[in-house]
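Numbering starts at 1 and runs along the sequence shown.
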Amino acid sequence: MSAPTLFATDTLRGQLQAVIRLSIPAVLSQISATAMQYIDATMVGSLGANASAAIGLVSSSTWLLSGLCAAAATGFSVQVAHRIGAGQDDRARAVVRQAVVFSVWFGLLLAAAGAAVSRPLPVWLGGAADICADAAAYFLIYALALPALLVQQMFGAILQCSGDMRTPSLLNVLMCLLDVVFNAIFIFPGLQLGPVRLPGAGMGVAGAALGTALAQAVVALLMLWAVLARSPRLRHLGGSWRPDGECLRTAARIAVPAAVERVTLSAAQIAATRIVSPLGTVAVAANSLAVTAESFCYMPGYGISAAATTLVGQSLGAGEKRRAKRFAWLSTALGMAVMGGTAVVMFLLAPAIFTMLTPDAAVRSLGVQVLRIEAFAEPLFAASIVAAGALRGAGDTLAPSLMNLVSMWGVRITLAAWLAPRWGLHGVWAAMCFELCVRGVLFLVRLLRGRWLEKKAV
């Protein structure tokens with residue numbers, strides 16, 4: 001056992017500085033992830049509306065599989081935060097060993113399941129015949145790369161919960177740069193660099209999936225190396241690699257509610273896709289690109305949420321409930337302020353953003369209109385994102401999952417299904433805006449009541 005590396009300050013100023021210090025690299029990491037989405041959308045968007053619509057059609061399904069990886073990562077990374085907060089570095093390293101073994105078999109299982117449904121999936125989602133082939137190819141490649149995605153998310157989260165926000169941030173920036181290079185090679189038939197023309201694979205939509213998959217694979221290996229060979233507190237991995245029932249049960253208790261939440265939210269996203277699909281290819285493409293554009297606004301919230309998970313998890317691991325509560329509220333307030341500011345920027349720059357994302361004038365016009373509707377929900381959306389991170393640090397994943405389920409299905413999908421035939425895509429995004437406000441209020445109430453402080457994560 002070693003002394004905990006905890007952000008052990010009880011002054012408001014010191015705690016706010018700790019939140020900001022951890023949030024900055026996490027936010028930069030999320031911004032790089034957002035930039036990667038913009039790059040993919042811009043490169044694919046240059047191929048036309050059908051290419052954007054093909055990726056948009058399966059985006060809810062890729063989000064589901066990514067969410068299952070994130071849920072699994074939560075189950076192990078929260079344990080690492082609590083063990084380090086309690087000064088139990090040896091127990092933290094035992095959790096890492098379990099995470100390595102789990103990532104291998106669970107990643108392969110997800111890849112097999114995704115590959116099996118890749119061909120019929122676009123048809124199930126109601127896609128037009130002229131985009132189904134591209135959508136199926138994109139999803140197949142995405143599915144086969146899921147083991148790399150799981151390793152990247154798992155060990156990035158473990159590094160963050162150990163207090164190392166810098167390494168995952170730098171590696172995610174690298175992934176963004178690699179994504180640019182690989183996408184240029186695989187999407188287009190050639191690349192003009194001044195007087196020199198470099199050959200390309202010309203794979204189109206499938207090339208976007210392959211380029212991103214290769215970038216993820218490189219960074220996944222580097223994340224694993226950073227934990228197993230470089231992390232001062234986690235790299236000494238001598239010990240048993242056999243399955244540890246207690247660790248796996250704890251991971252399941254934390255991760256399963258988050259996974260069920262992601263499944264139900266993804267089912268809702270798929271239902272939303274079915275609601276949008278009859279509105280036409282322009283609406284499907286505008287919807288997909290508007291979701292990508294909105295990520296500029298909410299990704300900083302997810303970065304601050306990661307910091308909240310670490311701070312709350314380590315504080316509760318050390319038995320400091322009062323400090324954990326203060327960190328939760330400071331993080332949430334910071335997230336609301338930051339995302340409120342980015343919402344203003346997004347509203348003003350929406351036309352420029354869509355000019356960058358697609359050359360199709362009809363898609364640009366519709367996308368700008370719906371994106372501006374969403375801007376009004378961002379502060380309360382931030383509350384739900386960051387508060388969820390704080391609750392996750394406490395191991396409280398069941399109640400947030402239920403709140404998300406009720407909010408998404410009881411408000412967004414019901415309202416969108418009623419408004420879409422009347423207002424088109426504008427109605428779908430108005431329903432989304434209202435639901436995110438409801439969700440934010442629910443999470444603020446959960447945070448205020450304080451029952452999450454009594455949860456026993458490990």
Side-chain angles (χ1 to χ4, degrees), residues 4-10 15-16 18-19 22-23 26 70-88 91-92 95 99 157-158 160-163 165 246-262 301-336 382-405 439-440 442-458:
T5 303
L6 190 66
F7 305 91
T9 174
D10 289 318
Q15 290 177 345
L16 181 58
V19 172
L22 261 70
S23 294
T74 298
F76 292 93
S77 61
V78 168
Q79 292 186 71
V80 169
H82 280 251
R83 295 303 186 191
I84 288 179
Q88 300 171 348
R91 302 288 296 275
V95 172
I158 285 174
Q160 288 178 335
C161 283
S162 73
M165 296 290 187
E246 179 185 357
C247 177
L248 294 175
R249 283 192 296 271
T250 300
R253 189 174 71 250
I254 297 170
V256 168
V260 171
E261 172 192 349
R262 198 65 172 230
Y302 280 107
I304 299 170
S305 175
T309 300
T310 300
L311 291 165
V312 170
Q314 289 198 17
S315 296
L316 290 177
E320 295 286 351
K321 293 183 180 180
R322 184 171 176 272
R323 184 184 300 151
K325 183 177 181 180
R326 179 77 69 86
F327 276 136
W329 279 106
L330 286 174
S331 301
T332 301
L334 178 63
M336 294 179 71
S384 69
I385 292 171
V386 183
L391 297 173
R392 194 178 306 121
D396 182 16
T397 54
L398 179 57
S401 299
L402 294 175
M403 290 189 294
N404 277 319
L405 172 63
R439 191 190 304 185
L442 290 175
F443 273 88
L444 288 174
V445 170
R446 177 70 178 177
L447 209 60
L448 181 63
R449 295 182 71 179
R451 293 182 180 177
W452 54 277
L453 289 167
E454 307 305 320
K455 293 285 181 179
K456 182 175 175 56
V458 296

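Side-chain contact between Phe443 and Asn404 is present, with at least one heavy-atom pair separated by less than 4.5 Å.
What you find for Ala99 and Ile158 is that their closest heavy atoms are CB-CD1, 3.9 Å. Closest of all the heavy-atom pairs between Gly335 and Ala382 is O-CB, 3.4 Å. Minimum heavy-atom separation, Val78 to Cys161: N-SG, 4.4 Å. Shown here for Trp452 and Ala324, the closest heavy-atom pair between the two residues is CH2-O, 4.0 Å. Between Ile84 and Gln314 the shortest heavy-atom distance is CG2-NE2, 4.0 Å. Counting all heavy atoms, side chain and backbone alike, Leu391 lies closest to Pro400 at CD1-CG, 3.6 Å.
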Is there a side-chain contact (heavy atoms from CB on, under 4.5 Å) between Cys247 and Gln79 once you walk through the steps? CA-CA 8 Å; Cys247 177; Gln79 292 186 71; 3.7 Å; yes

Could you walk me through whether Thr332 and Leu444 satisfy the side-chain contact (heavy atoms from CB on, under 4.5 Å) test, starting with their C-alpha distance in whole Å, then the side-chain angles of each, then the deciding distance to 0.1 Å, before giving a yes or no? CA-CA 9 Å; Thr332 301; Leu444 288 174; 4.0 Å; yes

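Annotation: the span from Ser384 atom OG to Met336 atom CE amounts to 9.5 Å, rounded to 0.5 Å. We find the CD1-CZ distance between Ile385 and Arg439 to be 8.0 Å, quoted to the nearest 0.5 Å. A distance of 14.0 Å separates NZ in Lys325 from OG in Ser315, rounded to the nearest 0.5 Å. Between the CG atom of Leu447 and the CG atom of Leu442 there is a distance of 12.5 Å, given to the nearest 0.5 Å. How far OG1 of Thr397 is from CG of Leu402: 9.5 Å, rounded to the nearest 0.5 Å. The line from CD1 of Ile254 to CZ of Phe76 is 9.5 Å long, rounded to the nearest 0.5 Å.
Thr309 places a side-chain N or O within 3.5 Å of a backbone atom of Gly389 that can act as its donor or acceptor partner. Side chain of Thr310 to backbone of Gln160: a donor-acceptor contact under 3.5 angstrom is found. A donor-acceptor pair is defined here as one N or O able to donate and one able to accept, closer than 3.5 Å; no such pair exists between the side chain of His82 and the backbone of Ala394. Ser401 places a side-chain N or O within 3.5 Å of a backbone atom of Pro257 that can act as its donor or acceptor partner.
Sorted by first and then second residue, the salt bridge (Lys or Arg N to Asp or Glu O under 4.0 Å) pairs with a member in residues 327-336 form an empty list; sequence neighbours excluded.
With sequence neighbours left out, Arg91 forms a side chain to side chain donor-acceptor pair (under 3.5 Å) with no residue at all. A search for side chain to side chain donor-acceptor pair (under 3.5 Å) contacts involving Arg392 returns nothing, not counting sequence neighbours.
The only member of Arg253, Arg451, Arg446 that meets salt bridge (charged side-chain N to carboxylate O under 4.0 Å, His left out) when paired with Asp396 is Arg446.
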